[in-house]
Novice: 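First the structure, then my questions, so here it is.
When a residue number appears, it is its place in the shown sequence, counting from 1.
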Amino acid sequence: MIISASRRTDLPAFYSEWFINRIQAGFCCVVNPLNAHQVSRVSLKPEDVTAIVLWSKNPAPLIPSLPILDRMGYRYYFQYTLNDYSNDLEQRIPPFHQRLDTFKSLANKIGQQRTIWRYDPIIFSPSLDESYHLDRFNKIATELNGSTNRVMISILDMYDKVSNRLEKQGQYFNTAYSPDPPGGKLLTFLRELHDIAGTNGMEIFSCAEETDFADAGIQHGHCIDTDLIRQLWHLPIKFKKDKGQRKACGCSVSKDIGANSTCLHECVYCYSTMSLELSRKRYKQHDPTSPFLWGTGNIPAEKELKPNHSQLELL
């Protein structure tokens, strides 16, 4: 079983103590985000975990505890989001130079193959045009040369809750907003991103994009990536699409142990946060000693697992 930690919130940044407590306990409890009465007990025992994918904008709080994961024999890699938006859009993240240093430090500890850069999401607006992104992408890629060999990109999806928040940032957005650059410039823009990535020793992939960017040299990517896991740890597993994700998502099946509306970065464009006020409230209610990241419920009994139990099929 692959553990996703987590698409729903930034576990390394805000809940690293809870995460390590659950690792040491060998399990956690996850409430179904669509049914609050349905609780899953998720084994976190090393023998039951194929790999852990850690998603973060600021993994610094977790880095001192990584030796615990290493000693216990866990396999893990990071999806590390690093862009350079203003505080109007990313309201409570550390300064850019600090996050850049953290990226390099993490890569130095675990290797560039296990530290994947996410330039995500790409937001286009009158103030955030192609020139803005090409400039920032080039600067970050140059800084990360040698610290990663892979970059994932995606273009912002305009869900209603996201659109409503963004439109309040009047200096960035207006009613004529389009998710792509004007004048059919998207493919040209993506080709330039591809070239910058290649110059800095990185492959570039798209994340959950319905549009095929192959003409720009960008293939569909997999954030929960069985190919990468096979490559890193020589495990005999094969891809099995996660049907719980969007159709365009290329991720393999995994179990997410996070909870929606618990992140405190307060990124205006966040998909998994219903409201920033709710995230603050839930964070205050969080108990790092609880089996639940947030909330309560009956703890399901531990079930005996069959040998080599996994949601992934062996080759």
Side-chain angles (χ1 to χ4, degrees), residues 1-59 61-62 65 68-69 72 74-76 79 92 159 161 223-224 240-246 249 251-267 270-306 309-312:
M1 174 170 54
I2 297 177
I3 298 296
S4 173
S6 157
R7 287 185 178 92
R8 299 169 181 162
T9 190
D10 197 326
L11 282 176
F14 301 114
Y15 302 101
S16 58
E17 181 182 1
W18 176 85
F19 176 68
I20 293 300
N21 284 343
R22 301 326 307 162
I23 285 289
Q24 294 175 324
F27 80 100
C28 70
C29 292
V30 179
V31 179
N32 185 333
L34 302 179
N35 182 354
H37 300 291
Q38 184 178 353
V39 176
S40 300
R41 180 184 178 119
V42 180
S43 174
L44 297 176
K45 296 177 181 178
E47 61 267 28
D48 296 330
V49 175
T50 306
I52 302 172
V53 180
L54 294 147
W55 311 67
S56 188
K57 289 177 180 286
N58 177 31
L62 182 60
S65 297
I68 296 174
L69 300 182
M72 295 179 71
Y74 288 95
R75 296 171 285 265
Y76 60 91
Q79 292 276 351
R92 291 189 60 183
Y159 299 112
K161 61 184 176 183
C223 302
I224 308 289
K240 184 178 180 182
K241 178 174 170 51
D242 190 339
K243 296 180 180 179
Q245 301 300 321
R246 292 173 289 172
C249 177
C251 286
S252 187
V253 65
S254 64
K255 183 64 177 180
D256 198 296
I257 63 172
N260 291 330
S261 296
T262 57
C263 186
L264 293 185
H265 286 314
E266 299 191 8
C267 299
C270 183
Y271 303 148
S272 64
T273 297
M274 293 301 296
S275 77
L276 303 179
E277 293 76 13
L278 181 59
S279 292
R280 297 187 197 108
K281 178 180 178 181
R282 290 183 172 180
Y283 180 77
K284 291 179 181 178
Q285 296 169 338
H286 166 71
D287 177 1
T289 67
S290 170
F292 296 84
L293 178 68
W294 174 81
T296 59
N298 295 324
I299 301 175
E302 182 177 9
K303 295 181 180 179
E304 184 177 353
L305 300 175
K306 297 179 181 179
H309 175 81
S310 177
Q311 293 181 350
L312 296 171

Novice: Looking only at side chains, do Thr262 and Thr9 share a donor and an acceptor under 3.5 Å apart?
Specialist: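 A pair is found: one side chain offers a donor N or O, the other an acceptor, under 3.5 Å apart.
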Novice: Donor-acceptor check, side chain of Arg22 to backbone of Cys29, threshold 3.5 angstrom: yes or no?
Specialist: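 No, Arg22 side chain to Cys29 backbone: no donor-acceptor pair under 3.5 Å.
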Novice: Please name all residues satisfying side-chain hydrogen bond (donor to acceptor under 3.5 Å, both in side chains) with Trp18, sequence neighbours left out, ordered by chain then number.
Specialist: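 Testing Trp18 for side-chain hydrogen bond (donor to acceptor under 3.5 Å, both in side chains), a comparison that skips the adjacent residues, returns none.
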Novice: Minimum heavy-atom separation for Leu54 and Pro12, please, with both atom names.
Specialist: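 So the two residues come closest at CD2-CG, 4.2 Å.
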Novice: So do the side chains of Phe292 and Val39 get within less than 4.5 Å of each other, counting heavy atoms only?
Specialist: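 Yes. Closest side-chain heavy atoms under 4.5 Å.
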Novice: Using a 4.5 Å cut-off on heavy atoms from C-beta on, say whether the side chain of Ser65 contacts that of Phe19.
Specialist: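 Contact flag for Phe19/Ser65 side chains = no.
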Novice: Looking at Tyr283, I want to see if its OH is surrounded by more than 12 non-hydrogen atoms of other residues, nucleotides or ligands under 6.0 Å.
Specialist: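 Counting neighbours around OH of Tyr283, 12 or fewer heavy atoms of other residues, nucleotides or ligands fall under 6.0 Å, so no.
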Novice: Please report the interatomic distance CD1(Ile299) to OG(Ser40), rounded to the nearest 0.5 Å.
Specialist: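 Nearest 0.5 Å value for the CD1-OG distance: 13.0 Å.
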Novice: Between Arg92 and Glu266, is there a donor-acceptor pair closer than 3.5 Å when you use the side chain of the first and the backbone of the second?
Specialist: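 Side chain of Arg92 to backbone of Glu266, a donor-acceptor pair under 3.5 Å: no, none is there.
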Novice: Looking at Asn298, I'd like to know if its CG atom is crowded, meaning that more than 12 non-hydrogen atoms belonging to other residues, nucleotides or ligands lie closer than 6.0 Å.
Specialist: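 Counting other residues, nucleotides and ligands, CG of Asn298 stays at 12 neighbours or fewer.
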Novice: Only counting residues at least two apart or in another chain, list the ones meeting side-chain hydrogen bond (donor to acceptor under 3.5 Å, both in side chains) with Asn32.
Specialist: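 For Asn32, the residues satisfying side-chain hydrogen bond (donor to acceptor under 3.5 Å, both in side chains) (neighbours in sequence not counted) are Gln38.
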Novice: Given side-chain contact (heavy atoms from CB on, under 4.5 Å), test Thr296 with Val31 step by step and report yes or no.
Specialist: CA-CA 8 Å; Thr296 59; Val31 179; over 6 Å; no
Novice: Sequence neighbours left out, what passes side-chain hydrogen bond (donor to acceptor under 3.5 Å, both in side chains) with Asp287? Give chain and number order.
Specialist: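 side-chain hydrogen bond (donor to acceptor under 3.5 Å, both in side chains) list for Asp287, sorted by chain: Thr289.
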Novice: Would you mind reporting whether Asn58 and His265 have side-chain heavy atoms less than 4.5 Å apart?
Specialist: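 A side-chain contact exists here, since the closest heavy-atom pair is under 4.5 Å.
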Novice: Does Cys28 reach the side chain of Pro291, with side-chain heavy atoms less than 4.5 Å apart?
Specialist: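 The answer is no; the side chains never approach within 4.5 Å.
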Novice: Find out whether Leu264 and Asp10 are in side-chain contact, i.e. whether some heavy atom of one side chain is under 4.5 Å from a heavy atom of the other.
Specialist: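 SC-SC contact between Leu264 and Asp10 ruled out.
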Novice: For the CE atom on Met274, are there more than 12 heavy atoms of other groups (residues, nucleotides or ligands in this structure) within a distance under 6.0 Å?
Specialist: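 No - once you tally the heavy atoms of other residues, nucleotides and ligands closer than 6.0 Å, there are 12 at most.
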Novice: Is any side-chain heavy atom of Gln79 closer than 4.5 Å to one of Val53?
Specialist: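 Yes, side chains in contact.
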Novice: Is the NZ atom of Lys241 crowded by more than 12 outside heavy atoms at less than 6.0 Å?
Specialist: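 Yes, because the 6.0 Å sphere around NZ of Lys241 holds more than 12 heavy atoms from other groups.
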Novice: Examine distances only and state if a side-chain atom of Ser275 and a backbone atom of Leu278 form a donor-acceptor pair shorter than 3.5 Å.
Specialist: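 Present.
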Novice: If you define the side chain from C-beta out and look only at heavy atoms, does anything of Tyr15 sit under 4.5 Å from Ile257?
Specialist: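 A side-chain contact under 4.5 Å is absent here.
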Novice: Checking the side chain of Ser4 only, and the main-chain atoms of Asp256 only, is there a donor and an acceptor separated by less than 3.5 Å?
Specialist: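 Flag not set: sc Ser4 to bb Asp256 has no pair under 3.5 Å.
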Novice: With a 4.5 Å cut-off on side-chain heavy atoms, are Ile3 and Tyr74 touching?
Specialist: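 No, side chains not in contact.
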Novice: Check the pair Cys223 / Gln245 against side-chain contact (heavy atoms from CB on, under 4.5 Å), numbers first and verdict last.
Specialist: CA-CA 12 Å; Cys223 302; Gln245 301 300 321; over 6 Å; no
Novice: side-chain contact (heavy atoms from CB on, under 4.5 Å), that's the test. Do Glu277 and Arg280 meet it? Break it down for me.
Specialist: CA-CA 5 Å; Glu277 293 76 13; Arg280 297 187 197 108; 3.7 Å; yes
Novice: Report the distance from atom CG of Leu44 to atom CD1 of Ile23, rounding to the nearest 0.5 Å.
Specialist: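 Taking CG in Leu44 and CD1 in Ile23, the distance rounds to 5.0 Å.
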Novice: Got a second to check how far Lys240's NZ is from Ile2's CD1, nearest 0.5 Å?
Specialist: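 Rounded to the nearest 0.5 Å, the NZ-CD1 separation comes out at 11.5 Å.
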